[in-house]
**Student:** 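My structure is below; once you've seen it, I'll send some questions.
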Amino acid sequence: MNLKRRLITANAATVIIPLIVTVVFVMAYLFVSQQFSNRLPSLEQYQKNSQIKIEMLNIEQSILKQTPETLESSEFQKNLLKRLDAFDGEVIILKDEQILFTSHNMSKIDIAKSLEAGNSKWEKSNVKIGDVFYHVQAVQVPMTGGSTGDVLLLAPIDNASTIDLTYLLSLIAFVFVLSFLLTNLLVSYQISRRIMSPINHLRKAANEISMGNLNVPIAEEGDLEIRELCRDLELMRVKLKDSIHTQIKYEDNRKTLISSISHDLKTPVTSIKGYVEGIMDGVANTPEKQERYLKTIYTKAQLIDRMIDDLLLNAKLDLNQLPFDFERTDIKEYLLDFVRENEPECAKNGIRITMHSELHQTYPIQLDRVRFRRVLTNILDNARKYMKTGRPEQEGLIQILLRETHSSIIIELQDNGSGIQKKDVPYIFDRFYRSDSSRSEIKGSGLGLAIAKQIVEGHGGRIWALSHPQEGTSILISLSK
């Protein structure tokens, strides 16, 4: 059975069953009272008392609209008494607790009891005068001379109906509460038996998993939702078991990372050793040759330094230990500054760099200006390395194109180099990936595009590549507006 349906049924039963019990009890009580007691009130009596109370409320509203002078006039008092005579009511008008007018000879004790009943907030506002029960309604009004007064309206009521109704309501409430508690206990016991058994089994399985034992299967039992929970926990157990294998795989990847960077570092170190030995052995026997050897050593040392920086940055990005310092940046001006800074260096390599924007307005976006410049620099360096600049008929060209979609800004860095094979495009953002053997001889750490991808994703963006072999490559970056 569906757990939701079971709970709805149980909750409905805790209300419906007490209601049925209460209704049956009330019907039985009314039947017995009608048969063996003459004090059971009739419907006509309730209707009569209700009409009297409504009329008294109307009289009260009329009194509140009168001026102090009118309240003390004999004409008003006669009219008021005339309205009360319709249901044999009485009136008492007090000014500073002194009797100003009364329609019935009453003792001071009766008047005091009536005033107390009329002003009562929490107790029953009924009073017995002689052999008659009255419902008392007190109206506080201003009197002449700044005095305060009270108008007490008394309406005769049938005491039997009042007493029986209060008693009956109390009895109904008691029966309902008692049956509600008993039903609730019974239903709760039944539900707990149905739910707690599979939950206890789940608890035991969770204890085993927390102790590292992932070989304990979790059986599906109980209501639909509990079975689904068992199924989800079983899936969790299987995934946890798989995560161990994944962790082992990550360890293997880490070893591969260390092996790859060690291999890439070994090449420039070997070159440095060779040139240093050439200087020490006297191979570089002229100042010009020594200067060339030293420049080569310096260049190789710079390469090692960049590779180490890339490795440390990649590790920090992997561990989410590199904080981003975001600030609102005009992306068009930012890219123009980048182009101006890199134009001289590109010109030395026979490459022209341009920038074209299709934006119709200024879009300040959240950027870490330093980290994002690293992204653009890595992409630009990668394009320069593989650019075809050897043919005079084709000038090296790198274009930065800026455009927008409904929700994003698109930055495209397009070159006219040799392009990338389609089979290699999905892997160019992987660490140390090189599409062919010739690339292994090109200087670099093999982490440039991998670092660029991690930084872009840290900005909540996306980076991907499009390649047209022998025509060029485009690296595209999408950032939220």
**Student:** So Ser179 and Ile17, side-chain contact (heavy atoms from CB on, under 4.5 Å) or not? Walk me through it.
**Tutor:** CA-CA 8 Å; Ser179 58; Ile17 292 176; over 6 Å; no

**Student:** Rounded to the nearest 0.5 Å, what's the gap from CZ on Arg340 to CG on Leu335? Could you check?
**Tutor:** 11.0 Å

**Student:** Would Leu367 and Phe326 count as a side-chain contact (heavy atoms from CB on, under 4.5 Å) if you check the C-alpha gap in whole Å, the side-chain angles of each, and the deciding distance to 0.1 Å?
**Tutor:** CA-CA 5 Å; Leu367 277 187; Phe326 293 105; 5.6 Å; no

**Student:** Which heavy atom in Val425 sits nearest to a heavy atom in Ala465, and how many Å separate them?
**Tutor:** CG1-O, 3.6 Å

**Student:** Is Lys239 salt-bridged to Asp242, cutoff N-O under 4.0 Å?
**Tutor:** no

**Student:** What distance separates Glu55 CD from Gln51 CD, expressed to the nearest 0.5 Å?
**Tutor:** 10.0 Å

**Student:** How would you list, by chain and number, every residue that makes a ring pair (Phe, Tyr, Trp, His ring centres under 6.0 Å) with Phe372, sequence neighbours excluded?
**Tutor:** His459

**Student:** For a side-chain contact (heavy atoms from CB on, under 4.5 Å) with Leu376, tell me which candidate from Asn342, Leu413, Val339, Ile475 qualifies.
**Tutor:** Leu413

**Student:** Measure the shortest side-chain to side-chain distance between Arg403 and Glu412 over non-hydrogen atoms and say whether it is less than 4.5 angstrom.
**Tutor:** yes

**Student:** Taking side chain as C-beta onward, heavy atoms only, is Thr148 less than 4.5 Å from Val141?
**Tutor:** no

**Student:** Could you tell me the separation between the CG atom of Leu185 and the OG atom of Ser188, rounded to the nearest 0.5 Å?
**Tutor:** 6.5 Å

**Student:** For Arg369 versus Tyr334, what's the shortest heavy-atom pair and its separation?
**Tutor:** O-OH, 2.5 Å

**Student:** Show your working on side-chain contact (heavy atoms from CB on, under 4.5 Å) between Leu397 and Gln399 and close with a plain yes or no.
**Tutor:** CA-CA 6 Å; Leu397 176 63; Gln399 300 182 78; 3.7 Å; yes

**Student:** Counting C-beta onward and ignoring hydrogens, is there a side-chain heavy-atom pair between Ile209 and Leu240 closer than 4.5 Å?
**Tutor:** yes

**Student:** Do Glu327 and Gln366 have side-chain N/O donor and acceptor atoms under 3.5 Å apart?
**Tutor:** no

**Student:** Does Glu457 come within less than 4.0 Å of Arg462, counting only side-chain N to carboxylate O?
**Tutor:** no

**Student:** Name the one of Ile63, Ile92, Val136 that satisfies side-chain contact (heavy atoms from CB on, under 4.5 Å) with Leu153?
**Tutor:** Ile63

**Student:** Taking the side chain from Ser357 and the backbone from Leu359, do they hold a donor-acceptor pair closer than 3.5 Å?
**Tutor:** yes

**Student:** Under the criterion side-chain contact (heavy atoms from CB on, under 4.5 Å), I'd like the reasoning laid out for Leu115 against Asp150: C-alpha separation, chi angles, the key distance, then a yes or no.
**Tutor:** CA-CA 8 Å; Leu115 182 61; Asp150 293 282; 4.0 Å; yes

**Student:** Donor-acceptor pair, Tyr134 side chain versus Lys128 backbone, under 3.5 Å?
**Tutor:** no

**Student:** Can you name the salt bridge (charged side-chain N to carboxylate O under 4.0 Å, His left out) partners of Glu90, sequence neighbours left out?
**Tutor:** none

**Student:** So which atom in Asn378 and which in Ala452 form the shortest heavy-atom distance, rounded to 0.1 Å?
**Tutor:** ND2-N, 4.3 Å

**Student:** For Ala10 and Val187, which heavy atoms make the closest approach, and how far apart are they?
**Tutor:** CB-CG1, 3.3 Å

**Student:** Return yes if some donor-acceptor pair links the side-chain N/O of Asn213 with the main-chain N/O of Asn215 below 3.5 Å, else return no.
**Tutor:** yes

**Student:** Measure the spacing between CZ of Phe176 and CG of Leu19 and express it to the nearest 0.5 Å.
**Tutor:** 5.0 Å

**Student:** Heavy-atom distance under 4.5 Å between the side chains of Ser478 and Ile410, does that happen here?
**Tutor:** yes

**Student:** Can any side-chain N or O of Asp415 pair as donor or acceptor with the backbone N or O of Thr473 at less than 3.5 Å?
**Tutor:** yes

**Student:** Looking at Ser480 and Ile365, what are the two nearest heavy atoms and their distance?
**Tutor:** O-CG2, 3.9 Å

**Student:** Count the heavy atoms of every other residue, nucleotide or ligand shown that sit under 6.0 Å from NZ of Lys422, and state whether that count exceeds 12.
**Tutor:** no

**Student:** Looking at side-chain heavy atoms only, is the closest gap between Arg374 and Ile455 below 4.5 Å?
**Tutor:** yes

**Student:** Does the distance from a Lys or Arg side-chain N to an Asp or Glu carboxylate O, for Lys113 and Glu116, drop under 4.0 Å?
**Tutor:** no

**Student:** Less than 4.5 Å apart, any side-chain heavy atom of Val370 and any of Asp368?
**Tutor:** yes

**Student:** What are the two closest heavy atoms between Thr183 and Ala13, and how far apart are they?
**Tutor:** CG2-O, 3.6 Å

**Student:** Using salt bridge (charged side-chain N to carboxylate O under 4.0 Å, His left out) as the criterion, list what pairs up with Glu341, not counting sequence neighbours.
**Tutor:** Arg373

**Student:** Do His356 and Ile400 have side chains that approach each other closer than 4.5 Å (heavy atoms only, starting at C-beta)?
**Tutor:** no

**Student:** To the nearest 0.5 angstrom, please state how far the CG atom of Leu479 sits from the CD1 atom of Ile331.
**Tutor:** 6.5 Å

**Student:** Is any side-chain heavy atom of Phe338 closer than 4.5 Å to a side-chain heavy atom of Met355?
**Tutor:** no

**Student:** So, Glu234 side chain and Ile218 main chain: donor-acceptor pair closer than 3.5 Å or not?
**Tutor:** yes

**Student:** For the atom pair CE (Met56) and CZ (Phe87), what is the distance rounded to the nearest 0.5 Å?
**Tutor:** 6.0 Å

**Student:** For the backbone of Thr405 and the side chain of Lys481, can you confirm whether one donor and one acceptor N or O come within less than 3.5 Å of each other?
**Tutor:** yes

